[in-house]
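Labels below follow one simple rule: chain letters A, B, ... track the order of the sequence lines, proteins then strands, and each chain is numbered from 1.
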Amino acid sequence: MSSPDMRQIERDILPLWEHAFEPDPTDGEKFYLTVAYPYPSGAMHVGHGRTYIAPDVIARFWRMRGRTVLYPMAFHVTGAPVIGISKRIARGDPKAVSLYRDLYKVPDDVLAQFVDPLAIVRHFSEEYQRVMSSCGISIDWRRRFTTVDPQYSKFIEWQWKHLREGNHVLKGAHPVRYCPQCDNPVGDHDLLEGDKAEILKFTLVMFRWNDTFIPTATLRPETIYGVTNLWVNPEVTYVRILLDGAPWIVSREAAEKLSFQDHTVEITGEIPGTDLIDQTVSHPLCGDVPVLPARFVDPDMASGIVMSVPAHAPFDYIALRDLQTEGKYTGIEPVPLITVPGYGTVPAKEAVERAGVANQDDPRMEALTQEVYGAEFAHGRLFDRYGGSSVREARDSVASLMMDQYGSVPMYEFDTRSVVCRCGSNVVVKILHDQWFLQYSDPAWKAQVTGLIGRMDLVPPEVRAEFERTVDWLKDWACTRRVGLGTRLPWDPDWLIEPLSDSTVYMAYYTIAHHLATVSADLLTPEVFDYIYLGKEASGLPEREKLDLMRKEFLFWYPYDFRFSAKDLISNHLTFQLFHHVAIFPEPCLPRGMVVFGMGLLNGAKMSSSKGNVFLLEDAVDEFGADTVRMFLVGSAEPWQDFDWRNELVSSTRKQIDRFMNTVLECQAGQESAGNLDRWLQSRLQGHIARTTEALERFQTRQALQEAFFGIESDLKWYRRRLPAGSAGSLYLKELCSVWVRLLAPVIPFTCEYLWKELGGDDLVSYAPWPVTGPAAVDSRLELAEDLLARTVEDIESILKIIQIVPSAIAIYTAPSWKKRVFSAVAAAENKNTVVREIMKDEEMRKRGKEVTDTVRQCTTLIHRLPPQIIQQLIDDLPDEGAIFSAAAGFLSKEFSVPVSVRDAGESSHAKAALALPFKPAIVIE
RNA sequence: GCGAGUGUAACCAAGAGGCCAAAGGUGACCGACUCAAGAUCGGUUCUCGUAGGAGUUCGCAGGUUCGAUUCCUGCCACUCGCACCA
């Protein structure tokens with residue numbers, strides 16, 4: 001191939017950009033965009049590539065439009081994952097070693113250093129910067145930092161001081177999944193089994209048996225009024241314990257679990273379930289009830305003993321019925337306490353009978369329980385004698401009544417069985433103490449965020465609903481950890497600030513990061529940051545000049561204009577950062593907009609490092625070239641849509657870029673002076689410029705490419721087709737190419753930077769002015785004329801295809817002037833029904849009779865089929881079709897290789913000539 | 001299960017009441033140029049048709065309308081999130 005080598009171009013261009021994108025404040029307008037910084041624990045794949053390339057296209061676009069653009073990057077290093085990784089590598093875990101050595105291609109000597117977690121992030125942040133640069137991402141690397149830099153920690157301390165002063169940080173207890181073996185809380189990724197298990201909060205209802213408490217666990221404490229008995233499993237041996245000194249009876253499993261939930265537990269003896277059966281127990285809210293046997297009672301569920309409400313719990317009802325069919329306990333009747341629409345007095349009984357369930361071992365019992373509980377929770381009301389409130393309210397109010405007055409305590413339990421840690425032991429629910437929370441549940445704070453969201457520019461607009469839901473749903477967030485990398489909580493240094501909570505306002509840090517790097521962390525007191533970010537004066541501020549500089553720079557950039565992130569972060573990071581911004585920054589510094597991205601697929605399957613289904617970004621750049629990767633990633637789908645990387649599609653993108661480059665280079669050969677055709681090309685170009693600009697203003701990278709790449713390419717195709725044989729086009733093509741190269745520069749900057757030089761540009765295309773439309777260059781009559789010609793060519797082709805004769809001549813008959821008058825009348829008519837009458841008022845027309853009414857009908861159909869925009873143009877000014885076709889007769893002859901004549905249909909007696917209509921000439925092929 | 005979103009021809013994807021048999025790209029097929037090509041250029045790509053036309057389509061089933069890919073209802077399938085994890 002004669003075209004220049006892409007990789008060579010990249011090597012030549014990269015040094016020109018090395019310090020090209022390091023903006024300082026100016027007098028002009030700024031554009032500040034940020035993307036969620038990466039956690040550099042592995043190599044970048046093409047999915048990451050798009051996350052940073054799509055914003056780069058936007059950054060480059062605004063830069064060319066004259067804005068001072070800031071696109072910074074840093075590395076999020078906080079948290080526990082790399083610690084786990086380094087442990088696994090140190091242990092020689094084959095999966096981890098293979099992932100890093102084989103997939104991420106880490107050299108052995110570097111891998112050896114990975115026993116230090118910081119070595120991992122250090123290595124991969126270098127990788128990230130190198131690969132991002134090789135993709136042409138226009139980042140200001142001066143501002144790079146990591147979240148464990150001492151200066152950053154000082155910044156976080158300042159942030160948290162404000163959060164605390166704003167009463168957004170609270171201390172409390174919190175139930176977590178906990179592995180007794182590892183002695184640590186466990187997250188989803190630490191689990192072998194049960195990663196979807198949720199923690200449920202049961203109320204332990206304290207029944208009394210002599211001097212001992214028998215706690216029954218329930219999610220529906222309000223049903224206490226309908227308790228008829230307790231259930232114990234006769235096959236289980238329960239234990240007697242002293243819980244915080246009080247005598248209880250629970251299952252052995254429950255005793256262990258309770259010991260993690262804020263209680264001291266001492267096992268003092270055993271008691272077989274059978275010993276409890278037929279005993280009488282009591283509770284102030286339901287009186288004396290007997291203890292009965294039931295097989296369905298699971299000792300590994302909560303306390304292992306349950307209270308029985310046969311009127312409302314299908315399990316209880318059927319277990320009681322099972323006993324009664326054996327003739328036992330026939331004196332017990334269900335005691336209803338809730339009315340619910342759709343059910344009679346005893347809902348559980350009805351549900352069981354409707355389903356025709358035979359006994360308590362029926363597998364459908366689970367679903368029946370859900371059905372009855374669901375209905376009662378949604379629409380049920382307690383009887384008046386129990387307060388008459390809705391089930392929804394009563395559940396909480398009865399629970400707190402029990403807690404306050406009847407010795408109840410909560411017990412946490414998973415909603416699914418078998419939650420197993422990676423280490424193999426069973427996970428329990430543990431109550432962590434002294435845990436700090438960000439109080440996202442605070443209605444006042446929520447309201448501030450909701451208000452902010454309402455004022456923000458969200459792209460695409462569909463995500464607005466999801467943001468609003470998220471704010472609504474957000475509960476308090478446990479924001480401190482015991483293990484991991486990160487900043488210590490300033491007022492409670494035993495705790496580390498959790499990773500999602502130390503990455504919420506760092507966009508403000510970027511604005512001054514390069515200055516902070518030159519300041520000793522010791523000097524960065526909260527007063528210093530208060531001055532820089534909030535303009536608050538304090539006595540004894542150090543390095544006053546530097547601080548003033550930083551204050552000025554912060555005010556120049558802030559607030560950020562757009563934050564970009566993938567859609568999976570809506571429910572945490574993207575929303576958190578809004579909470580933190582409203583808590584700390586004044587109104588003028590609050591975020592302006594967010595753009596939410598779709599996810600990436602590889603050959604139709606989800607990209608996943610652990611499954612090995614990834615394509616590394618660096619490999620992609622090596623194989624296809626940076627511009628190809630860029631164009632594919634932003635051109636195959638809009639940023640918020642999911643995209644699918646397929647190598648064969650990427651290769652064709654590469655060909656498109658080659659084609660573009662060759663075309664631009666060839667266009668330099670045009671020598672003729674510009675003619676009508678060039679004016680047409682120029683006129684069309686104005687539309688492409690306008691639509692490309694509009695698309696990029698809306699972050700529609702794909703749409704922009706459609707216009708700027710394929711739109712212009714297809715015009716050029718028509719242009720060349722129209723050109724006389726042997727012509728290389730006119731001098732105008734150079735001008736067009738100058739515009740074209742600039743329109744594509746944000747997407748394929750390497751190619752365009754190279755071409756810009758070839759076209760004689762002095763400076764970087766990255767800073768060349770974005771093309772603007774020239775209204776004077778628009779010639780809609782010319783465009784209409786070419787449109788007519790193209791439509792006619794299509795018609796001729798379609799006729800030729802069908803009749804399959806070798807033509808010897810083609811005649812084009814343009815519509816006679818009276819038909820033009822009919823057409824205009826029909827097109828402009830508001831009432832299509834009376835238009836015939838209007839036209840017939842004309843003497844001339846009346847003479848033609850039926851011919852006119854036929855023409856009206858044909859015009860109506862034709863008008864219906866043409867775009868309204870063209871109709872408007874035709875109403876304003878019908879083109880001189882005779883002149884258009886005569887001028888193009890040479891072209892048409894060349895196209896179809898036969899003589900082409902142009903005549904007025906009015907002067908022909910040919911039968912087909914009568915079919916001629918304005919904008920749709922009759923065609924006769926012989 | 002709950003919340004948000006999506007479903008268009010072989011594939012990706014535009015269209016948001018009549019401009020729609022539905023842009024653009026990819027792939028496939030046919031030609032041209034070539035010793036040759038995965039390179040380039042032109043054409044075709046729902047079905048039927050010897051005159052620019054007709055017929056059947058836009059996840060499925062209903063409904064509103066003179067008219068629906070576009071609006072409403074229900075169903076089905078897929079994607080993301082459901083928390084202490086980046």
Peer 1: Among the nucleotides B:U40, B:A14, B:A83, which one has an atom lying closest to any side-chain atom of A:Lys475?
Peer 2: B:A83

Peer 1: Rounded to whole angstroms, how far apart are CD on A:Glu666 and P on B:U40?
Peer 2: 12 Å

Peer 1: Determine the minimum heavy-atom distance between A:Pro807 and A:Ile925, stating which atoms define it.
Peer 2: CB-CG2, 3.6 Å

Peer 1: Could you tell me whether A:Ala80 contacts a base, only the sugar-phosphate backbone, or nothing, with contacts defined as non-hydrogen atoms closer than 4.0 Å?
Peer 2: sugar-phosphate

Peer 1: Answer with base, sugar-phosphate or nothing: what part of the nucleic acid does A:Val463 contact at a heavy-atom distance below 4.0 Å?
Peer 2: nothing

Peer 1: For A:Gln641, answer base if it contacts any base atom (sugar-phosphate contacts may also be present), sugar-phosphate if it contacts only those atoms, and nothing otherwise; contact means non-hydrogen atoms under 4.0 Å.
Peer 2: sugar-phosphate

Peer 1: Within the structure shown, what part of the strands sits under 4.0 Å from A:His573 by heavy-atom distance: base, sugar-phosphate, or nothing?
Peer 2: nothing

Peer 1: Between B:A23, B:A51, B:A86, which one does the side chain of A:Leu569 approach most closely?
Peer 2: B:A86

Peer 1: May I ask you to verify if any side-chain N or O of A:Arg659 is less than 4.0 angstrom from the OP1 or OP2 atom of B:G25?
Peer 2: no

Peer 1: Under 4.0 Å, heavy atoms only, any strand: does A:Ile925 hit a base, just the sugar-phosphate, or nothing?
Peer 2: base

Peer 1: Report the nucleotide, chosen from B:A51, B:C85, B:U79, that has the shortest atom-to-atom distance to any side-chain atom of A:Ile799.
Peer 2: B:A51

Peer 1: Taking the side chain of A:Pro81 as its heavy atoms from C-beta onward, which of B:C85, B:U26, B:A51 lies nearest to it?
Peer 2: B:C85

Peer 1: Looking at residues at least two apart in the chain, or sitting in another chain, which of them share a ring pair (Phe, Tyr, Trp, His ring centres under 6.0 Å) with A:Trp477?
Peer 2: A:Phe576

Peer 1: Can you list the residues that meet the ring pair (Phe, Tyr, Trp, His ring centres under 6.0 Å) rule with A:Phe632, with sequence neighbours excluded?
Peer 2: A:Trp645

Peer 1: Please state whether the phosphate of B:G49, meaning OP1 or OP2, lies under 4.0 angstrom from any side-chain nitrogen or oxygen of A:Lys801.
Peer 2: no

Peer 1: Rounded to the nearest Å, what distance is computed from the CZ atom of residue A:Phe467 to the P atom of nucleotide B:G81?
Peer 2: 14 Å

Peer 1: Side chain of A:Lys912 only, please: which of B:C85, B:A51, B:G52 is the nearest?
Peer 2: B:A51

Peer 1: Looking only at side-chain N and O atoms, does A:Gln700 come under 4.0 Å of OP1 or OP2 in B:A14?
Peer 2: no

Peer 1: Could you state the atom-to-atom distance from CH2 of A:Trp645 to P of B:G25 in whole Å?
Peer 2: 21 Å

Peer 1: If you check every side-chain atom of A:Glu462, which of B:G5, B:A86, B:A14 has the closest atom?
Peer 2: B:G5

Peer 1: Nearest of B:G27, B:G43, B:A23 to any side-chain atom of A:Lys655?
Peer 2: B:G27

Peer 1: Of all the heavy-atom pairs spanning A:Ala74 and A:Tyr37, show the shortest one and how long it is.
Peer 2: O-CB, 3.2 Å

Peer 1: Would you mind reading off the distance between A:Leu574 atom CG and B:C80 atom P, rounded to a whole angstrom?
Peer 2: 17 Å

Peer 1: Is any side-chain N or O of A:Gln703 closer than 4.0 Å to OP1 or OP2 of B:A13?
Peer 2: no

Peer 1: Can you classify the ring geometry of A:Phe75 versus A:Tyr128 as parallel (below 30°), tilted (30 to 60°) or perpendicular (above 60°)?
Peer 2: perpendicular

Peer 1: Looking at A:Val471, A:Thr575, A:Thr470, which one forms a side chain to side chain contact (heavy atoms under 4.5 Å, CB included) with A:Ile453?
Peer 2: A:Val471

Peer 1: Between B:G52, B:A83, B:A86, which nucleotide has the shortest distance from any of its atoms to the side chain of A:Trp473?
Peer 2: B:A83

Peer 1: Given that both pair distances must be under 3.5 Å and the pair must be Watson-Crick or G-U, what runs of three or more consecutive pairs involve RNA chain B?
Peer 2: B:1-7 with B:76-82, B:10-12 with B:24-26, B:27-32 with B:40-45, B:46-48 with B:53-55, B:59-63 with B:71-75

Peer 1: Please check if any side-chain donor atom of A:Thr663 sits under 3.5 Å from a side-chain acceptor atom of A:Glu666, or the reverse.
Peer 2: no

Peer 1: Does the plane of the ring in A:Tyr440 sit parallel, tilted or perpendicular to the ring in A:His580? Use 30° and 60° as the thresholds.
Peer 2: tilted

Peer 1: Counting side-chain heavy atoms from C-beta on, which of B:G52, B:U6, B:G3 comes nearest to A:Glu466?
Peer 2: B:G3

Peer 1: Would you mind classifying the nucleic acid contact of A:Leu649 as base, sugar-phosphate or nothing, using non-hydrogen atoms under 4.0 angstrom?
Peer 2: sugar-phosphate

Peer 1: A:Lys717 has a side chain; which of B:U79, B:G43, B:A86 sits nearest to it?
Peer 2: B:G43

Peer 1: Need one value for A:Gln656: base, sugar-phosphate or nothing, where a base atom within 4.0 Å counts as base even if backbone is also close, heavy atoms only.
Peer 2: sugar-phosphate

